[in-house]
Amino acid sequence: MDKKATTRKDDYSKWYNDLVHNADLAEHSDVKGCMVIKPYGYAIWENMRDVLDKMFKDTGHSNAYFPLFIPKSYLSKEASHVEGFAKECAVVTHYRLRATADGKGVEVDPDAKLQEELIVRPTSETIIWNSYRNWIQSYRDLPILINQWANVVRWEMRTRLFLRTAEFLWQEGHTAHATKEEAIAETEQMLRVYADFAENYMAMPVILGRKTHSERFAGADDTLCIEAMMQDGKALQAGTSHFLGQNFAKAFEVKFADKSGKLDYVWATSWGVSTRLMGALVMTHSDDEGLVLPPKLAPIQVVAVPIYKTEEEFHRIEEKFMALGKELKAKGIRFKFDGDDNKRPGWKFNEYEVKGVPIRLAMGPRDLENGMVELARRDTKEKSSISFETALATVEQLLLDIQSNLLERSKLHRANNTFEVDTYEEFKQRIDEGGFFLAHWDGTEATEELVKNETKATIRCIPFTEHPVPGKCMVTGQPSAQRVIFAKAY
RNA sequence: CGGGAUGUAGCGCAGUCCGGUAGCGUACACGUCUGGGGGGCGUGUGGUCGCAGGUUCGAAUCCUGUCAUCCCGACCA
């Protein structure tokens with residue numbers, strides 16, 4: 001492990017990569033663009049997954065599983081869908097290998113060519129809607145509210161750990177409804193679920209909004225999203241919820257009979273978040289010392305480190321910590337006592353700092369003598385000495401404080417890096433500083449494209465707002481209904 | 001797919017220009033002193049130098065080919 005990590009200021013990109021390695025979250029595999037998610041990183045993902053899964057179930061959804069492989073013909077049924085994904089699909093063409101002539105290796109058996117090639121799913125709309133056709137006949141069969149936890153493959157040209165990998169883990173919700181209104185309500189509901197998760201668990205503030213036509217999901221009539229700001233001021237799309245209209249129902253001939261017996265196509269939504277959220281989590285809170293985790297998602301919330309010389313001292317401290325640990329665990333707090341004699345206390349301090357454990361407790365002979373324990377919080381790096389008697393209550397409260405402090409800190413950072421601009425000149429001058437730029441836009445793809453080509457900034461979303469304030473497009477001067485968010489994005 | 005760079009011990013690197021016994025840091029193993037912020041000292045293990053050819057008495061080093069990865073673009077969650 002590198003003793004000295006790269007700082008954010010030096011090289012934000014390298015800082016991120018080093019951090020992911022040093023915190024033992026993930027590493028590159030030998031397969032291009034694919035990563036190995038290591039146990040500590042996977043534990044964080046599991047926490048995210050568990051919380052989200054409960055949220056989905058609380059909103060009436062059930063989990064199911066559909067095949068990894070999709071017949072090639074399915075993908076061509078929805079025109080814009082195929083256009084959006086065709087260029088990044090992995091394709092299975094054969095089903096067997098054979099030994100090479102020299103007997104030293106294997107090769108694809110040319111006789112084992114598939115009649116119809118199989119696509120490794122880049123997303124599951126097509127195979128799921130092919131099933132829904134058989135599941136839906138009547139309005140009584142609706143709605144269908146299904147979620148799938150799965151891996152998908154998108155053959156990206158350039159990848160980054162967690163943020164963009166060729167294979168990634170995600171969840172994809174796929175719902176079917178009798179009415180347009182119900183489907184739209186579902187789309188909005190799930191966006192709010194994502195926003196709730198981002199803010200209240202990841203401590204990551206997000207802006208809810210709508211994608212422009214050109215940024216929409218391939219096959220959607222409307223794409224809603226949550227956008228977060230990373231510490232370098234770049235935007236990260238953290239989750240999307242799509243209103244698919246009747247596009248997939250039409251492509252897969254999924255009709256239902258309503259109460260009057262009239263046949264109509266089913267209305268659809270799909271929504272997803274991925275392991276990309278891991279990257280978002282890292283880039284939202286972490287500092288030059290390492291990972292910083294919000295308590296609600298930290299695999300270890302409190303770590304206890306004993307400081308001792310003799311075995312007798314160790315046992316007395318261990319006893320104290322284990323008693324405290326039992327009480328903490330009873331309150332649902334994830335506690336670890338690190339009694340590893342092979343590592344010295346200083347080493348452990350750094351280890352848990354790099355791994356972002358929210359609270360560290362340390363106790364040595366002096367503390368033992370005085371009935372005290374040293375408490376260090378990861379977010380502010382403050383250390384204090386507290387009475388052991390009060391440790392339980394202090395820790396319990398502090399976890400809540402850290403959780404809210406991280407959210408407040410991120411909100412402040414976003415506020416400090418969000419700017420209103422009214423002229424394209426100013427926009428071009430300042431866009432490289434990073435941040436969100438609220439500007440008026442005439443609503444045309446031409447203007448959007450122009451800005452993108454000239455500045456590399458895109459419209460992240462048209463934010464939801466109760467009271468839209470009209471104005472004039474910063475580029476063309478044409479009327480604009482409200483300000484939209486321009487930013488450079490991951 | 002365009003531009004740039006790199007493949008040498010588990011990890012991070014030097015050595016390559018100018019060919020001549022495979023090096024350093026870290027990690028790992030053992031011993032010892034230690035222990036309140038990544039310890040000190042000592043001993044030791046670990047390498048087909050990405051792969052394939054070629055030049056040479058001799059190649060990590062020179063030549064040709066090839067594969068892979070990373071960074072910057074284009075594409076994208």
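First the proteins, then the strands, lettered A, B, ... as listed; each starts at 1. All heavy atoms count here, side chains included; hydrogens, waters and symmetry mates do not.
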Using a heavy-atom cut-off of under 4.0 Å over every strand shown, decide if [X] touches base, sugar-phosphate, or nothing.
| X | answer |
| --- | --- |
| A:Lys211 | nothing |
| A:Gln237 | sugar-phosphate |
| A:Thr165 | base |
| A:Asp341 | base |
| A:Phe168 | base |
| A:Leu236 | nothing |
| A:Arg160 | nothing |

Salt-bridged, [X] to [Y], with N to O below 4.0 Å?
| X | Y | answer |
| --- | --- | --- |
| A:Asp232 | A:Arg8 | no |
| A:Lys488 | A:Glu433 | no |
| A:Glu353 | A:Arg378 | no |
| A:Asp53 | A:Lys57 | yes |

Given [options], the nucleotide with the shortest approach to the side chain of [X]:
| X | options | answer |
| --- | --- | --- |
| A:Lys456 | B:rG37, B:rC71, B:rA74 | B:rA74 |
| A:His28 | B:rG36, B:rC70, B:rG38 | B:rC70 |
| A:Glu156 | B:rC75, B:rG36, B:rG35 | B:rC75 |
| A:Asp367 | B:rA77, B:rG35, B:rG36 | B:rG36 |

Results of side chain to side chain donor-acceptor pair (under 3.5 Å) for A:Glu311 - residues two or more places apart only: none
Could you work out the separation of [N] and [M] based on their [atom1] atoms and round it to a whole Å?
| N | M | atom1 | answer |
| --- | --- | --- | --- |
| B:rU66 | B:rU26 | C1' | 33 Å |
| B:rU21 | B:rC67 | C1' | 31 Å |
| B:rC30 | B:rU45 | C1' | 10 Å |
| B:rU32 | B:rG10 | P | 29 Å |
| B:rA5 | B:rU43 | P | 42 Å |
| B:rA68 | B:rU8 | C1' | 16 Å |
| B:rU61 | B:rG15 | P | 15 Å |
| B:rG31 | B:rC70 | P | 41 Å |

Below 3.5 Å between N/O atoms, which protein atoms pair up with nucleotides 39-43 of chain B? Just atom names and distances, please.
{"from": "B:rG39", "atom 1": "OP2", "to": "A:Arg344", "atom 2": "NH1", "distance (Å)": "2.6"}
{"from": "B:rG39", "atom 1": "N7", "to": "A:Arg344", "atom 2": "NE", "distance (Å)": "3.3"}

I'd like to know if the side chain of [X] pairs up with that of [Y] as donor and acceptor (distance under 3.5 Å, no hydrogens or angles considered).
| X | Y | result |
| --- | --- | --- |
| A:Asp18 | A:Asn22 | no |
| A:Trp271 | A:Thr269 | yes |
| A:Thr123 | A:Glu125 | yes |

A:Arg276 or A:Thr159, whichever maps to the more 5' nucleotide of RNA chain B: A:Thr159
Whichever of A:Arg460 and A:Lys343 has its nearest RNA chain B nucleotide further upstream toward 5': A:Lys343
For [N], give its Watson-Crick or G-U wobble partner with both distances under 3.5 Å, or none.
| N | value |
| --- | --- |
| B:rU69 | B:rA5 |
| B:rA77 | none |
| B:rG46 | none |
| B:rA52 | B:rU64 |
| B:rU32 | B:rG40 |
| B:rU16 | none |

Would you kindly give the [atom1]-to-[atom2] distance between [X] and [N], to the nearest whole Å?
| X | N | atom1 | atom2 | result |
| --- | --- | --- | --- | --- |
| A:Glu449 | B:rA74 | CD | P | 12 Å |
| A:Asp18 | B:rC11 | CG | P | 15 Å |
| A:Asn22 | B:rU26 | CG | P | 17 Å |
| A:Asp340 | B:rG35 | CG | C1' | 13 Å |
| A:Asn17 | B:rG12 | CG | P | 12 Å |
| A:Trp155 | B:rA74 | CH2 | P | 22 Å |
| A:Lys87 | B:rA77 | NZ | P | 12 Å |
| A:His81 | B:rA77 | NE2 | C1' | 14 Å |

Short side-chain N/O contact to B:rC11 OP1/OP2 from A:His21, under 4.0 Å: no
Contacts of type ring pair (Phe, Tyr, Trp, His ring centres under 6.0 Å), residue A:Phe197, not counting sequence neighbours: A:Tyr201
Parallel, tilted or perpendicular, as decided by the 30° and 60° cut-offs, for the rings of A:Phe335 and A:Phe321: tilted
Pair of N/O donor and acceptor under 3.5 Å linking B:rG38 base with A:Glu353 side chain: no
Side-chain donor/acceptor contact of A:Lys348 with base of B:rG35 under 3.5 Å: no
Criterion side-chain contact (heavy atoms from CB on, under 4.5 Å) on A:Gln231 and A:Met283, from CA distance to verdict: CA-CA 6 Å; A:Gln231 289 184 60; A:Met283 290 203 296; 5.8 Å; no
